[in-house]
Amino acid sequence: MQNELVSDIYETLLGKIGHLQWWPADTPFEVVIGTILTQQTKWTNVEKAIEALKMSDLIEPEKLADADVEQIEELVRCCGFYRQKARRLQDIAGFFATEGMDNIFSLPTDELRKIMLSLKGVGNETADSIVLYAADKPKFVIDAYTTRIMKCIGIEGNYMQLQSLFEAGLPSDVPLYKEYHALIVEYAKNYCGKKQCEDCALVHRFREKEVNNG
DNA sequence: CACCAGGTTGACC
DNA sequence: GGTCAACATGGT
């Protein structure tokens, strides 16, 4: 059954990598900033930008919303797409400043997700990352690595289909969702390069399983 | 020098 | 529903 597959993958990754703690940030709003900045960019660049924003005392909705957009551009330049990211960060900051971050984050999970999706620059993955890692609510994050790994194993689907698969196969548990996504990213970064794909323990293990079962 | 990175959007079938 | 170029810097 595919329901077991999801927890089997988790156990395999956990055994290979060990427990992980995510998301590295001092405050929920810092998580939000990180979700935008990390789009299509390495985390080391995000760290530099966050540090720069901290130096300018801008890791707060009101302050970021009131800053000059040109200043934000310079501070986040190292993350790429810096002009649109600066504007989107400022928009989101303005939204949280107006509505109150605590008010927004205490909404029901699905409503929160919908509202996050309505912000420019926030798509499925970013919305779910905010819901899970900033608001601490159970939503499983699907990213390019997850999609790639599942396709390797032989399971294809769009974002919502894969998310449903994972959520159906797991207890609704925030720390578990957080760690599972972190494990997938770590695994994929270290073991799913083009060269490594041939020795991908995960893929081999589950392909064999499939043969045995079927 | 070419290619990719924890992605989103708007335009177009 | 799906596909595609644009968005841009930094590291291998």
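Proteins come first, then strands; the chains are lettered A, B, ... in the order of their sequence lines, and each starts at number 1.
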Does some side-chain heavy atom of [Y] sit less than 4.5 Å from a side-chain heavy atom of [X]?
X: A/Trp22; Y: A/Glu179; value: no
X: A/Thr38; Y: A/Trp23; value: yes
X: A/Leu14; Y: A/Tyr180; value: no
X: A/Phe95; Y: A/Pro61; value: no

Rounded to the nearest Å, what distance is computed from the [atom1] atom of residue [X] to the [atom2] atom of nucleotide [N]?
X: A/Ile142; N: B/dG6; atom1: CD1; atom2: P; result: 16 Å
X: A/Asn190; N: B/dA5; atom1: CG; atom2: P; result: 13 Å
X: A/Leu37; N: B/dG7; atom1: CG; atom2: C1'; result: 12 Å
X: A/Ile36; N: B/dG7; atom1: CD1; atom2: P; result: 12 Å
X: A/Phe140; N: B/dG6; atom1: CZ; atom2: P; result: 16 Å
X: A/Trp43; N: B/dA5; atom1: CH2; atom2: P; result: 17 Å
X: A/Glu47; N: B/dG6; atom1: CD; atom2: C1'; result: 13 Å
X: A/Gln40; N: B/dG7; atom1: CD; atom2: P; result: 6 Å

Self-check item: Lys/Arg-Asp/Glu bridge criterion (N-O < 4.0 Å) met for A/Lys85, A/Glu73
Solution: no
Quiz item: If you measure from the Lys or Arg side-chain nitrogens to the Asp or Glu carboxylate oxygens, is any gap between A/Lys120 and A/Asp91 under 4.0 Å?
Solution: no
Quiz item: Between A/Gln161 and A/Lys48, who's closer to the 5' end of DNA chain C by nearest nucleotide?
Solution: A/Gln161
Practice problem: Check the side chains of A/Thr126 and A/Gln39 for a donor-acceptor pair under 3.5 angstrom, ignoring hydrogens and angles. | Solution: yes
Quiz prompt | Range on DNA chain C touched by chain A - first to last nucleotide, heavy-atom distance under 4.0 Å | solution = C/dG2 to C/dG11
Exercise. Using heavy atoms and a sub-4.0 Å distance, could you list which residues of residues 111-126 of chain A are near DNA chain B? By number, please.
Key: A/Leu119, A/Lys120, A/Gly121, A/Val122, A/Gly123, A/Asn124, A/Glu125, A/Thr126
Exercise. May I ask you to list the residues of residues 75-86 of chain A, by number, that have any heavy atom positioned under 4.0 Å from an atom of DNA chain B?
Key: A/Phe81, A/Gln84
Quiz prompt | Rounded distance [0.5 Å steps], CD in A/Glu47 versus SG in A/Cys79 | solution = 10.0 Å
Practice problem: Verify, without hydrogens or angle tests, whether A/Asn158 (side chain) and A/Met160 (backbone) share a donor-acceptor contact under 3.5 angstrom. | Solution: yes
Self-check item: Atom P, compared across B/dC1 and C/dA8: separation rounded to whole Å
Solution: 22 Å
Exercise. Rounded to whole angstrom, note down the P distance from C/dG2 over to B/dG6.
Key: 24 Å
Quiz item: Among A/Asn124, A/Thr146, A/Asp128, A/Asp143, whose side-chain hydrogen bond (donor to acceptor under 3.5 Å, both in side chains) with A/Tyr159 holds?
Solution: A/Asp128
Exercise. Assign the ring pair A/His181 / A/Tyr133 to parallel, tilted or perpendicular, where the plane angle (0 to 90°) is split at 30° and 60°.
Key: tilted
